[in-house]
Amino acid sequence: MSAPPTEAGYDLHHHGDAEVGPGLVDLAVNVRAGTPPDWLRARIAASLADLAAYPDPAAAVAAVAARHARPEDEVVPTAGGAEGFVLLARALRPRHAVVVHPQFTEPEAALRAAGHAVDRVVLTGDLTLDPDAVPDDADLVVVGNPTNPTSVRHPAGLLAELARPGRTLVVDEAFVDTAPGEPDALAGRRDLPGLVVLRSLTKTWGLAGLRVGYALAPADLAQRLRAAAPPWSVSTPALVALAACSTPAARAEADAAARAMADDRAYLLGALDGLVEVRGTPAASFVLARTPGRTDVRARLRERGLAVRRGDTFPGLDAEHVRIAVRAPEITDRLVAALREVLR
Ligand SMILES: Cc1ncc(COP(=O)(O)O)c(C=O)c1O
């Protein structure tokens, strides 16, 4: 089964959740296992008592502003990171939009859907960012950090080189809290012109179904994003979750989860050593693997009850690539045993 091509040459709306199903072990979706935590479920459930009223973002905005030491008018709650891409595509009129690939494909899809032409800069080799590869005249640049599906984290200094007057630089930090202390995050940077940071609660907190994230942007651009949003697009339960996950205690919990994940990732990388080629230096909760000469690995693993995420829907990758979620060692053991059979 190959990916259905679109006008952009790739199925930009394909996501890992389409790979999972009954009877399959999920190594395709990058949402932290065992989430949302009970305390967060309870907070969300309690918010249902307030559903008769329209959502009021004030408390969530204040909590996010405090978390990132930014003024409240630079915070825009969104219905997931995905809505952030749509708001940007609606609010901006780029002459030369550039998306740095391989990366999450919804930003490019949102730009195309809004009628903007999109130029691709495709990273190769170890998949680290080369700021010189981005054309000087690009007035909109979108990059993920750490990047999905490569798991590569770009140094903050390299990303900062991309910011300049007359350009909007969008950094998708949906996975930045998968490392303790959020290294290389730009969310707190107010000195970089035109910087927009997008965040998501989906991955770390297991809230894909709630739709919650936020944008951080200079006040004038934040106002344009708010104006581009449908009224009340972020619900009361989502706003309650946003405030709850922005506290120091929630950040400490995310850091602890990130440390545990790093151990599981080290185990996975050790087990994959010599079996597949791991692209780049993985820094997030998944690993991009390549099996030179073999395009059937995903299908063969599926026959053995294991779902990994296909690579061929990402510009810059092909069917020799799969993305593997970091899981507990016993699941990794199952994966690696199956991989050995498949690659024998
Ligand atoms: C890199 C990246 N950014 C953003 C998103 C969007 O997440 P959400 O809209 O659920 O916040 C995803 C989801 O897969 C992602 O992988």
Side-chain angles (χ1 to χ4, degrees), residues 10-20 26-32 35-36 40 60 64 76-89 99-111 113 123 127 129 142-154 159 170-179 182 184-187 196-216 225 229-230 233-235 237-239 241-242 245-246 254 280 282-288 307-311 313-317 323-326:
Y10 294 84
D11 178 5
L12 299 180
H13 291 299
H14 183 86
H15 297 295
D17 52 353
E19 313 267 1
V20 295
D26 173 11
L27 293 125
V29 176
N30 292 325
V31 171
R32 177 159 69 99
T35 52
L40 182 54
V64 172
V76 184
T78 58
E83 192 190 38
F85 302 126
V86 173
L87 299 186
L88 283 161
V99 177
V100 179
H101 283 291
Q103 79 143 302
F104 185 54
T105 44
E106 289 296 345
E108 178 171 325
L111 289 167
L123 304 179
L127 304 168
L129 182 66
V142 186
V143 57
N145 205 43
T147 309
N148 171 16
T150 67
S151 200
V152 170
R153 189 173 73 231
H154 305 300
L159 290 165
V170 180
V171 181
D172 174 7
E173 294 189 349
F175 285 101
V176 82
D177 57 354
T178 56
E182 305 187 345
D184 295 305
L186 295 186
V196 181
V197 171
L198 297 180
R199 290 281 183 113
S200 167
L201 270 65
T202 290
K203 314 296 176 181
T204 293
W205 298 107
L207 295 178
L210 191 59
R211 313 306 307 132
V212 54
Y214 54 94
L216 300 165
L225 297 180
S233 68
V234 187
S235 69
L239 291 166
L242 183 49
C245 295
S246 299
S285 53
F286 46 90
V287 166
L288 180 64
V308 295
R309 207 275 192 210
R310 66 190 311 151
T313 61
F314 291 103
L317 302 183
R323 190 191 69 198
I324 303 170
V326 174

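For ligands, and for the atoms within them, numbers begin at 1 and follow the listed sequence.
A distance-only check finds no donor-acceptor pair linking the side chain of Ser200 to the backbone of Ala174 [under 3.5 Å]. Of the possible donor and acceptor atoms, none in the side chain of Glu173 sits under 3.5 Å from a partner among the backbone N and O of Ala185. Remark: the backbone N or O of Leu12 is not paired with any side-chain donor or acceptor of Glu108 at under 3.5 angstrom. Distance alone, capped at 3.5 Å, is enough to place a donor-acceptor pair between the Ser246 side chain and the Leu242 backbone.
Arg211 counts as a contact of ligand 1, since one of its heavy atoms falls under 4.0 Å from the ligand.
Below 4.0 Å from some heavy atom of Gly81 lie the following atoms of ligand 1, by number and element: 8 (P), 9 (O), 11 (O). Of all atoms in ligand 1, listed by their number and element, those nearer than 4.0 Å to a heavy atom of Ala174 are 2 (C), 3 (N), 4 (C). Residue Ser200 has at least one heavy-atom neighbour below 4.0 Å for each of these atoms of ligand 1: 7 (O), 8 (P), 11 (O). Atoms of ligand 1 found under 4.0 Å from any heavy atom of Lys203, numbered from 1 in the order shown, are 12 (C), 13 (C), 14 (O), 15 (C), 16 (O).
Residue Gly80 has no N or O atom closer than 3.5 Å to an N or O atom of ligand 1. Checked against a 3.5 angstrom limit, the closest N/O atoms of Val212 and ligand 1 fall outside it. The N/O atoms of Glu83, backbone and side chain alike, include none that comes under 3.5 Å of an N/O atom in ligand 1.
Between Phe286 and Phe175, the ring-plane angle classifies as perpendicular under the 30° and 60° cut-offs.
With hydrogens and angles left out, the side-chain atoms of Asp177 and Thr204 include a donor and acceptor closer than 3.5 Å. A side-chain donor-acceptor contact under 3.5 Å links Asn148 and Arg323.
Shown here for His13 and Ala109, the closest heavy-atom pair between the two residues is CE1-CB, 3.5 Å.
Here the heavy atom of the protein found nearest to atom 10 (O) of ligand 1 is Thr202 OG1, 2.6 Å. Of all protein heavy atoms, the one closest to atom 16 (O) of ligand 1 is Asn148 ND2, 2.7 Å. Counting only heavy atoms of the protein, atom 2 (C) of ligand 1 lies nearest to Asp172 OD2, 3.3 Å. For atom 5 (C) of ligand 1, the closest heavy atom belonging to the protein is Phe104 CE2, 3.3 Å.
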